[in-house]
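In the text below, chain A, chain B and the rest are named by the order of the sequence lines, each starting its count at 1.
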Protein chains: 2
Amino acid sequence: MTTIKDIAKYTEFSASTVSIVLRGLSEKRNISKETQQKIQDAAMKLGYTPNMQSKLLRSNLPNMHIITLFWDANARQYILPRFFKGLQDSLIRNGYRYELQIMPYNVGHLKDAITKRTLMGSNGFIICNASEEDMAYLESNDFPIPLVIYNRYSHKYPTINMNDYDIGSTAADVFIGHGLQHPVIITSKADFNGMSIRENMFRYRFNEIGIKDVKTVITDDTLMGGYKAALKIIASSNKKSQESSPDCILCASDNIAFGALKAFHENGIHIPDRLKLISIGNGPSEQEEFSIPSLSVVNLPMEEMADACLSRMSKAINDFDLSPDSKEFKATFVARESCPE
Amino acid sequence: MTTIKDIAKYTEFSASTVSIVLRGLSEKRNISKETQQKIQDAAMKLGYTPNMQSKLLRSNLPNMHIITLFWDANARQYILPRFFKGLQDSLIRNGYRYELQIMPYNVGHLKDAITKRTLMGSNGFIICNASEEDMAYLESNDFPIPLVIYNRYSHKYPTINMNDYDIGSTAADVFIGHGLQHPVIITSKADFNGMSIRENMFRYRFNEIGIKDVKTVITDDTLMGGYKAALKIIASSNKKSQESSPDCILCASDNIAFGALKAFHENGIHIPDRLKLISIGNGPSEQEEFSIPSLSVVNLPMEEMADACLSRMSKAINDFDLSPDSKEFKATFVARESCPE
DNA sequence: TTGAAAGCGCTAACAA
DNA sequence: TTGTTAGCGCTTTCAA
């Protein structure tokens with residue numbers, strides 16, 4: 001890395017002169033045109049770029065804390081803004097003086113994103129979307145700054161969670177309350193334990209009332225994924241009698257749900273008359289309200305959880321409290337057109 | 001700010017001992033339990049938090065560049081992920097070694113977000129969503145780091161733009177090609193010049209063929225906004241004859257379009273049979289594809305533009321090239337169900 | 001088991 | 001018009 005010193009040596013001026021020129025203070029300090037030119041040229045030639053760390057250090061500005069948010073680099077376009085907005089609002093409401101930095105990473109390869117550099121440059125990590133491998137990596141290593149884990153459990157780090165049992169059973173109970181008997185789950189490959197819990201709990205509630213047959217369709221966590229899964233369900237139910245074909249669907253995400261709604265619409269299957277549908281609501285509520293039909297969801301309290309992540313981080317940073325506690329949030333059912341109360 | 005020195009003074013140990021203890025290296029370096037305890041307590045009591053700038057400076061890690069993205073703190077949940085994903089992909093594809101930092105700000109108050117601190121801590125700013133006031137602020141001030149402006153014009157800074165004339169005329173031409181004669185624009189209060197250009201150009205094309213009456217409905221740039229605007233249009237066209245009621249609608253954003261689609265659906269107005277609809281496509285294309293009906297758009301090339309922002313930034317940082325050039329992208333029409341080709 | 005000293009890159013005050 | 005010096009907060013030898 002080229003520094004101001006390198007330029008000083010190269011041009012045979014002093015470091016302070018170089019500093020003055022490069023900061024555009026030449027006029028004020030009466031640096032000769034010639035000197036300016038030489039220094040500019042050298043900076044260009046040597047590829048100088050300022051080191052902001054040392055500028056900041058030198059500046060004596062109050063030490064701002066940088067919180068780095070590790071987020072799945074792929075897909076789930078829906079969710080980041082919701083979570084991020086929750087963080088922002090929390091910052092403002094609580095007066096936290098943090099700077100938020102977003103570090104995208106590939107799920108399953110968190111290890112590669114947590115470099116010496118990211119560790120050094122940050123006062124705390126909030127880890128989101130971690131897979132089982134990622135969690136294993138975190139559990140088996142020590143880090144010099146506090147971590148808060150979003151939506152996963154750990155016996156090493158503080159975590160902010162939602163009650164996954166609740167999510168599954170709430171959805172099932174609504175369907176059961178409607179007397180529905182042929183449930184289907186559309187979901188994607190579970191990349192964290194909570195997903196399985198939600199689905200198993202959903203199944204369990206139906207099993208309890210004697211309905212053993214809860215079909216599952218695995219697809220991508222995308223709109224296209226939901227669309228294709230729904231087409232599959234339509235095709236297979238066309239072969240069956242009206243009585244035994246699906247009458248209610250749980251979608252593991254809003255992405256999947258929106259895709260599925262499109263497929264049912266195109267095939268003239270009326271929701272909620274022919275089929276009731278509930279999504280595990282991870283998307284912006286506005287989009288759920290204005291889909292056709294509007295989407296009933298078990299709403300994941302992401303904004304509240306984002307807020308909790310920051311509070312917990314604040315406690316970790318200020319009180320040195322790194323105990324592996326967990327705060328758990330409840331998801332609530334929001335009835336809309338795709339499945340009334 | 002409490003530093004390691006403060007703790008050293010307070011505990012009457014040396015700074016190096018404090019450093020060792022606070023970094024958890026006590027065992028390795030044989031620091032006595034008692035000393036550890038005293039130092040930990042003091043750190044807690046004095047509210048010590050490490051200064052990451054100086055850690056980084058000391059670490060001799062290669063000087064990573066931090067690019068700060070200034071983004072509208074409010075609404076437009078759709079767009080950030082699209083732009084951000086464009087940035088990420090660009091990072092990877094071009095091998096730029098930048099760290100991205102997102103700084104939310106309130107449009108119209110960019111001034112408040114650009115603090116000494118943000119300036120010092122960043123090697124470059126990408127400014128998005130700037131209002132006219134924000135642009136005026138930027139134009140009339142000097143900054144010590146390079147700025148690249150997204151989707152606005154400037155005679156002081158490099159900018160990355162789209163052709164707003166094109167956007168408006170493309171949409172109009174498609175409608176005109178269908179022989180439609182009663183256009184309506186649903187838009188929100190223009191907070192930047194490009195919006196007016198798009199709309200004026202749309203109007204102009206219709207005017208050219210003798211259609212002077214292009215109605216405009218102003219609403220919020222939200223799904224609810226689009227919904228309400230559409231209801232208004234429905235109400236007023238119910239009073240008119242079939243011939244004079246609107247037959248095509250340009251929506252200024254996907255938010256507005258999705259909201260409007262819901263309203264038309266609820267009122268049994270078939271799109272595209274009764275009414276053709278084109279949106280200025282700023283949302284994720286997947287959502288446009290799976291809406292009901294799928295949404296025809298003049299697609300804003302946000303990913304390409306994000307890429308261009310980074311390329312331009314790279315040029316600014318590495319080649320000291322701060323000339324106020326502009327790169328302009330063309331928007332293309334994507335025909336889907338809401339308005340065929 | 002602890003401390004002293006040097007230095008990371010930069011800038012402000014002062015000197016020349 | 002330019003240079004010298006000291007120091008921002010931290011860590012790493014090396015010494016005690």
Atom pairs under 3.5 Å: protein N/O with N/O of nucleotides 4-6 of chain D:
unit_1	atom_1	unit_2	atom_2	d
D:dT4	O4	A:Ser16	OG	2.9

- Query: Relative to each other, are the rings of B:Tyr98 and B:His65 parallel, tilted or perpendicular (30° and 60° limits)?
  - Reply: parallel

- Query: Does OP1 or OP2 of D:dT2 have a side-chain N or O of A:Ser32 closer than 4.0 Å?
  - Reply: yes

- Note, B:Tyr150 side chain near B:Met302 side chain (heavy atom, < 4.5 Å): yes

- Kindly state whether the ring of A:Phe84 and the ring of A:Trp71 have centres lying under 6.0 angstrom apart. no

- Query: Do any side-chain nitrogens or oxygens of B:Thr35 fall under 4.0 Å of OP1 or OP2 in C:dT2?
  - Reply: yes

- Item | Residue A:Asn51, side-chain atoms from C-beta onward, closest of C:dC10, C:dC8, D:dG9 | C:dC10

- Task: Classify the nucleic acid contact of A:Glu12 as base, sugar-phosphate or nothing, counting any heavy atom under 4.0 Å across all strands shown.
- Result: sugar-phosphate

- Query: When you measure from the side chain of A:Lys5, which nucleotide among C:dT1, C:dG9, C:dC8 comes out closest?
  - Reply: C:dC8

- Message: Side chains of B:Ser314 and B:Ser311 only: does a donor on one sit below 3.5 Å from an acceptor on the other?
- Response: no

- Query: When the distance from CG of B:Leu56 to P of C:dG9 is rounded to whole Å, what number comes out?
  - Reply: 12 Å

Enumerate donor-acceptor pairs with a distance under 3.5 Å from any side-chain N or O in residues 23-31 of chain B to protein atoms, sequence neighbours excluded.
unit_1	atom_1	unit_2	atom_2	d
B:Arg23	NE	B:Ser19	O	3.3
B:Arg23	NE	B:Ser19	OG	3.2
B:Arg23	NH2	B:Ser19	OG	3.1

- Query: For the ring pair B:Phe143 and B:Tyr137, is the centre-to-centre distance below 6.0 Å?
  - Reply: yes

- When we call it a touch if two heavy atoms are under 4.0 Å apart, what does B:Arg29 touch: a base, just sugar-phosphate, or nothing? base

- Item | Contact under 4.0 Å: A:Lys33 side-chain N or O vs D:dT1 OP1/OP2 | no

- Message: Is there a side-chain contact between B:Arg23 and the phosphate of D:dT12, meaning an N or O under 4.0 Å from OP1 or OP2?
- Response: yes

- Figure out the CD1/P separation between B:Ile4 and D:dG9, and round it to whole Å. 11 Å

- Remember a base hit wins even if backbone is also touched, and classify A:Asn30 as base, sugar-phosphate or nothing at under 4.0 Å, heavy atoms. base

- Task: Rounded off to whole Å, could you give me the CD1-to-C1' distance for the B:Ile7 and D:dC10 pair?
- Result: 12 Å

- Message: Nearest whole Å is fine: how far is D:dG3 C1' from A:Leu25 CG?
- Response: 17 Å

- Whole-Å distance, A:Ile39 CD1 to D:dG3 C1', equals 12 Å

- Message: Just the rounded figure in Å: distance from P of D:dC14 to CD1 of B:Ile20.
- Response: 14 Å

- Message: Quiz question: by atom type and distance under 3.5 Å, do the side chains of A:Asp164 and A:Asn193 form a donor-acceptor pair?
- Response: no

- Note on the structure: CD1 (A:Ile66) and CD (B:Gln53) are apart, to the nearest 0.5 Å, by 5.5 Å

- Query: Which residue, B:Met120 or B:Ser59, contacts DNA chain C at a nucleotide closer to its 5' end, judged by nearest heavy atom?
  - Reply: B:Ser59

- Query: Tell me: CE of B:Met52 to P of C:dC8, nearest whole Å?
  - Reply: 22 Å

- Query: Whole-Å distance between C:dC8 C1' and A:Arg117 CZ?
  - Reply: 13 Å

